[in-house]
Amino acid sequence: MGVSVSFIDVGCGEAIFIYFTDGKTMLIDCGKDSVTADKVIEHVKGFDKDNIDYLVLTHPDVEHIGGAEKIINTFNIGKIYHPNIRKDTRGGEFPLHDKVIELAEEKGIATKISDYYDYIDGKDYAVVFLSPLSSGGAYAEFNGTLSATAQQINNLSPIIYLEIKGVRFILTGDAGKGQEQFVLSQHKVGLYKQWLSNTDIELNFTEVDFLKVSDGGAEEGTSEEFLHLISPRNAVVFAGEGVIPDNVTLKRIQLENEFYNLYRTDVYGSVSVKITGDNEYQIITDKE
């Protein structure tokens, strides 16, 4: 397929595979188990790849990283981005995450805590982590509580801006409104522009081409303010096995952009966006 962004249908879970213009690759999350990991592996190998340059583990929920161990044992991984789960306060509480990071260390894979100062500036593409703060915000709230709530865990997810040949994506993991507010506040005062000033990256949030809707379309994310900023032309929702988007969330998107297209993986299967030229793309789905 070539240069593309693929939202792989893994049922109740998430996996996004990105094939960049220079042949490098990124995988964001891995599905919930070894069975769904097999589907991810099949997809990646369809690109004749035995390596993944960047692996992003958004947060420790099993439906996002349950397949990570098998992915790491199958491919040569260049670098892993993962959430800031402090061992001194949360040691052993998230054994799946701990096991994956320990496996990466055993294999000598570079690891990096996802941080809003991170970016990848490639040939005709850019990846920018818009959140979270490495030592504050959602991370501080999560690590500073005795018993983290589900929403605090979800808010470990980075909100990522991706642009390939002018086609723009916002990828959210399970991030909620708190993370969206952080992004809005940073954008409003021009901090993203300031810290990217020494690069060729220019963030353009106007009418984003694709929004990966947070947390299967749960009501807790995808706020009106955030949608007003990005006004997505297309929305992709990972759904299946009892996980379906909330009608309130879908209504919010529709009110912001009444002409948007909705792609649910429980309806369309895997959804792939093939970048066909500057600002041009083709959407390919498993099912019509």
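- Side chain of K49 to backbone of G23: a donor-acceptor contact under 3.5 angstrom is found.
- Between the side chain of Q152 and the main chain of T149, a donor-acceptor pair closer than 3.5 Å is present.
- For the pair K177 and E225, the salt-bridge criterion is not met [side-chain N within less than 4.0 Å of a carboxylate O].
- When the shell of 6.0 Å around CG of D88 is examined, it contains more than 12 heavy atoms from other residues, nucleotides or ligands.
- Side-chain contact of S223 with E180: a donor-acceptor pair under 3.5 Å is present, judged by distance alone.
- Atom NE2 of H97 sits about 13.5 Å away from atom NE2 of H64, to the nearest 0.5 Å.
- The shortest distance between side-chain heavy atoms of S114 and H82 does not fall below 4.5 Å.
- Between K274 and E280 no salt bridge is recorded (no basic side-chain N to carboxylate O distance below 4.0 Å).
- Between I16 atom CD1 and L27 atom CG the span is 9.0 Å, to the nearest 0.5 Å.
- Screening F169, F205, Y116, Y192 for a ring-ring contact (aromatic ring centres under 6.0 Å, His included) involving Y161 leaves a single residue, F205.
- F7 and V213 are assigned to two separate hydrophobic clusters, defined by single-linkage of ILVMFWY side chains at heavy-atom distances under 4.5 Å.
- The backbone N or O of I65 sits nowhere less than 3.5 Å from a side-chain atom of D29 that would complete a donor-acceptor pair.
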Apply side chain to side chain donor-acceptor pair (under 3.5 Å) to the pair S214 and D174, showing each step before the final yes or no. CA-CA 5 Å; S214 175; D174 281 358; 5.0 Å; no

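- A salt bridge links K112 with D118: at least one charged nitrogen is closer than 4.0 Å to a carboxylate oxygen.
- Taking the six-membered ring for Trp and thresholds of 30 and 60 degrees, Y281 and F210 have ring planes more than 60 degrees apart, a perpendicular arrangement.
- The existence of a salt bridge linking D246 and K251 is excluded, since no basic side-chain nitrogen approaches an acidic carboxylate oxygen closer than 4.0 Å.
- Side-chain atoms of D61 never come within 3.5 Å of backbone atoms of I153 as a donor-acceptor pair (strictly under, hydrogens ignored).
- Using a distance-only test at 3.5 Å, with no hydrogens or angles considered, no donor-acceptor pair links the side chain of D33 to the main chain of G66.
- Side chains of V100 and L103 form no contact here, defined as non-hydrogen atoms less than 4.5 Å apart.
- The 12-atom threshold is not exceeded at NZ of K193, counting heavy atoms of other residues, nucleotides or ligands nearer than 6.0 Å.
- Judged by distance alone, the side chains of D9 and Y268 never bring a donor and an acceptor atom under 3.5 Å apart.
- Of the candidates Y81, F182, W195, Y54, F129 forms a ring-ring contact (aromatic ring centres under 6.0 Å, His included) with just one, namely Y81.
- Although no hydrogens or angles enter the test, the distance criterion places no donor-acceptor pair under 3.5 Å between the side chain of D266 and the main chain of A239.
- Remark: K165 engages D278 in a salt bridge, criterion side-chain N to carboxylate O under 4.0 Å.
- In this structure, a donor-acceptor pair under 3.5 Å is present between the side chains of H43 and S6.
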